Structures are given as C-alpha cells and as structure tokens.
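Some notes on the structure that comes next.
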2 protein chains.
Amino acid sequence: MEKQQVGSLRFQIDFSQPLHEQILDQVRSAIAKGEIGLGEKMPSVRELAQELRMNPNTVMRAYQELERDGLTEKRRGQGTFVTSSPERVQVFRTDLAAKYIDAFLAQMSSLGLTWTDVKAYIQQNHTSDKGGDRS
Amino acid sequence: MEKQQVGSLRFQIDFSQPLHEQILDQVRSAIAKGEIGLGEKMPSVRELAQELRMNPNTVMRAYQELERDGLTEKRRGQGTFVTSSPERVQVFRTDLAAKYIDAFLAQMSSLGLTWTDVKAYIQQNHTSDKGGDRS
DNA sequence: TAAGTGTATTATATTATTTAATACACTTAA
DNA sequence: TTAAGTGTATTAAATAATATAATACACTTA
C-alpha cells in the first residue's frame, strides 16, 4: 500500500499481481504519461531491486519486456534509458489502448451490454468525478 | 479452440487462463445473456466435468463462485439451478459491469488517455463492426 | 584497475492450479 | 428399502508460475 519514489519513478507494490507485472505496468504508465522524460536514465536493475526490496532477476524480467515494448534502450555498461522517440511512445500507447479496449468491449458483450449502454453508464457515474485521479 | 455444447451451455476452453475461471466466466455470460433460462437446471458437477474432461473439483470451484454471485441455487440431492429472480441477474450484471468499467478507466488513465479520447477511438473503430460478435 | 552496467545460469522455495481417489449426507425413483 | 444421482469435503500428488539466492561474465567509464 505504500508509495516509493525511485528517481523520477513512483512505485506502489502489493501482492495482488506478480511483482514483475506491477513494475512493468507502472513504468509503462510513467513513460506514457511523461512522468519520466524521453531519453532519461532509468534506475539500474540492481538499484531498483534494492529500493523495492526484491530480487534483481524480477526487475530484469520487467526491464526486458519494456525493451520489447520499444519503450527503453539498453547501452552496454551504461544502463537502461527511456527511448528518445516520441513516436515510439505514441505507437505503444495506441497499440496497448486498442488491446485494452478490445478486451473491455468483449467483457461488456459477455454481459449482454451494448456500447450505448456502457456510454450512458459512464456518462452518469464518471463525468462529475472530481476526485477521480488519486495517484 | 473447440466449442462444446452441454445442455443449454456452450463452452470454449483453452489454456490461457485457469480452467475454473473460464467455466465461471462462460456460465456467467450465458446467464447474463439469457442463453440459459431462469430456473433452468445446470449440468451436474460430475456431468460437466466429464463433458469438459476435467476434474469435478475444478468444476465445483466455479459452481461455488456462481452461487456466491447469486446466479445459481443448490438443492440438496437434486442439483444446481439458475436463479429464478431476474432482479438478481440484473444486480449481478450491473455490479460486474461497474467493476469492469472502473478497471478499464484506470487502464486508460494509466496510458494518459481521457474518456473523450476513448470515446472518439471506439466510435471510429468499433461502430461499423458488422462482423464483431463471433461467439 | 575498479566500480557499475546488463545478462545468464543453477538451485531452491513458495504458491496456485489441477488431477486423483475416496467418502458422506441428501433426494428421488424403482 | 435400495440404488442411483445430487452437492460437498478431504487428502495426496503433480505441474507450472513466481520469486529469491548466489554466482559469474562481458562491457563501459572513470
């Protein structure tokens, strides 16, 4: 439940999901939202592992997926850096959003709800949500 | 990848998720969409296990969650039946939809996307989707 | 050369998932 | 009463995913 700041990154780890997935999701989000800048140096695998009190192998697993996403670049002996390409970030955002949206619409469909139903519901319950983004 | 009909229920099981979760999701959907009628008898635990070639304990686990959902009722010695209450189904549908929607909006927010962004995207890519519902 | 990078390997522990083999209480129909 | 069919509970075992631990190697920089 506790938040943890490591360089430009903020982490909040619990036991509801695999640790490497939580790191992955939260770094992805930080890059997508520009909370960590393009080209900026990431914490080293060992440093982040120590800060989050987990095994370097676990952090490594998340870092390797980030590189497959095209969101980071490794420089041998130097470290891991956020990509300098805004286009890459945009492509990633679009692709992942499409994947999430497809899955969501499938869920709604499985409950017999149409897109019109969903839109009406969200308009009613999530538009005046002034305290919605507690990060 | 293959579909399987058991009474009024249609199943499609793969290895992407735990088996008991797939049974749960697919029965929930069938009830929510009215594919199996209110008050109708479900396949017995042993029968469904045999049809789907899995262990009765695995089917049991899904059936117990269905009862917690309020979607089924057990009668000792007789079997498991879909609830006769349309209100219960409606409450379930609303509650689960709200849960799915909250999670979805959190995903979009983690990518820096607003509800307006999402709406525009879906209008463009999912409205003229005439071949969308392959079930 | 020394310290800091990412990476790879091997081993072990833990947990979730699934199967297997029974057993019990209850209901219904022969 | 009996037999078959319900849901349910228990114990054991196998498998896979997750995570930790302890090293080791190649590369870069100061």
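Keep in mind it's a predicted model, so treat the numbers as computed, not measured. Below, chain A is the first sequence line, B the second, and so on; all start at residue 1.
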**Heavy-atom side-chain contact between A:L19 and A:Q22 under 4.5 Å** = yes
**Prompt:** D:dT6 P sits how many Å from B:Q50 CD, rounded?
**Reply:** 11 Å
**Message:** How many whole angstroms separate atom CD of A:E65 from atom P of D:dA17?
**Reply:** 16 Å
Detail all sub-3.5 Å separations between protein N/O atoms and N/O atoms belonging to nucleotides 26-30 of chain C.
| residue | atom | partner | partner atom | Å |
| --- | --- | --- | --- | --- |
| C:dT27 | O4' | B:R76 | O | 3.2 |
| C:dT27 | O3' | B:Q78 | NE2 | 3.4 |
| C:dT28 | OP1 | B:Q78 | NE2 | 2.9 |

**Request:** Look at the rings of A:F104 and B:F104 and say which category their plane angle falls in: under 30° parallel, 30 to 60° tilted, over 60° perpendicular.
**Result:** parallel
**Prompt:** Roughly how many Å is it from CG in A:L19 to C1' in D:dT18, rounded to a whole number?
**Reply:** 8 Å
**With sequence neighbours excluded, residues passing side chain to side chain contact (heavy atoms under 4.5 Å, CB included) with A:Q90** = A:R93, A:T94
**Complete:** When rounded to whole Å, the CD to P distance for the pair B:Q17 and C:dT18 reads 10 Å
**Asked** Among residues 40-48 of chain B, which residues get a heavy atom nearer than 4.0 Å to DNA chain D?
**Response** B:S44, B:V45, B:R46
**Request:** Can you run down the side chain to side chain donor-acceptor pair (under 3.5 Å) pairs that involve residues 39-53 of chain B, sequence neighbours left out, and say none if there aren't any?
**Result:** B:S8-B:E40
**Asked** If every non-hydrogen atom of A:P56 is compared with every non-hydrogen atom of A:V45, which pair is closest and at what distance?
**Response** O-CG1, 3.5 Å
**Prompt:** Quick one: A:L66 CG to C:dG6 P, roughly how many Å, whole number?
**Reply:** 12 Å
**Request:** Answer whether the closest heavy-atom distance between the side chains of A:M108 and A:D117 falls below 4.5 Å.
**Result:** no
**Item:** Validation row: A:K74, A:F81 side chains within 4.5 angstrom (heavy atoms)
**Value:** no
**Prompt:** Looking just at side-chain N and O atoms, do B:H126 and A:D102 make a donor-acceptor pair shorter than 3.5 Å?
**Reply:** yes
**Message:** Within 45 degrees of the ring normal and closer than 6.0 Å to the centroid, is that where the cationic atom of B:R28 sits relative to B:F92?
**Reply:** no
**Message:** Whether B:T58 contacts C:dT17 is assessed here as follows: a side-chain N or O lying under 4.0 Å from the phosphate OP1 or OP2. Is that the case?
**Reply:** no
**Request:** Answer whether the closest heavy-atom distance between the side chains of B:T72 and B:Y63 falls below 4.5 Å.
**Result:** no
**Message:** Is it the case that the base of D:dA19 and the side chain of A:N55 share a donor-acceptor contact (distance under 3.5 Å, atom types as modelled)?
**Reply:** no
**Request:** Flag the pair B:L24 / B:L66 as yes when at least one side-chain heavy-atom distance between them is below 4.5 Å, and no otherwise.
**Result:** yes
**Asked** Reading DNA chain D 5' to 3', what string of ( ), [ ], | and . shows its pairs, if Watson-Crick and G-U wobble pairs count only when both distances fall under 3.5 Å?
**Response** ||||||||||||||||||||||||||||||
**Request:** Would you please confirm or rule out a distance under 4.0 Å between OP1 or OP2 of D:dT8 and any side-chain N or O of B:K74?
**Result:** yes
**Request:** Give the C-alpha distance, both sets of side-chain angles, the deciding distance and a yes or no for side-chain contact (heavy atoms from CB on, under 4.5 Å) between B:T114 and B:K119.
**Result:** CA-CA 9 Å; B:T114 67; B:K119 234 181 355 180; over 6 Å; no
**Request:** Check whether any side-chain heavy atom of B:V27 sits under 4.5 Å from a side-chain heavy atom of B:I36, and report yes or no.
**Result:** no
N/O to N/O distances under 3.5 Å, protein versus nucleotides 8-16 of chain C:
| residue | atom | partner | partner atom | Å |
| --- | --- | --- | --- | --- |
| C:dA8 | OP2 | A:Q64 | NE2 | 3.4 |

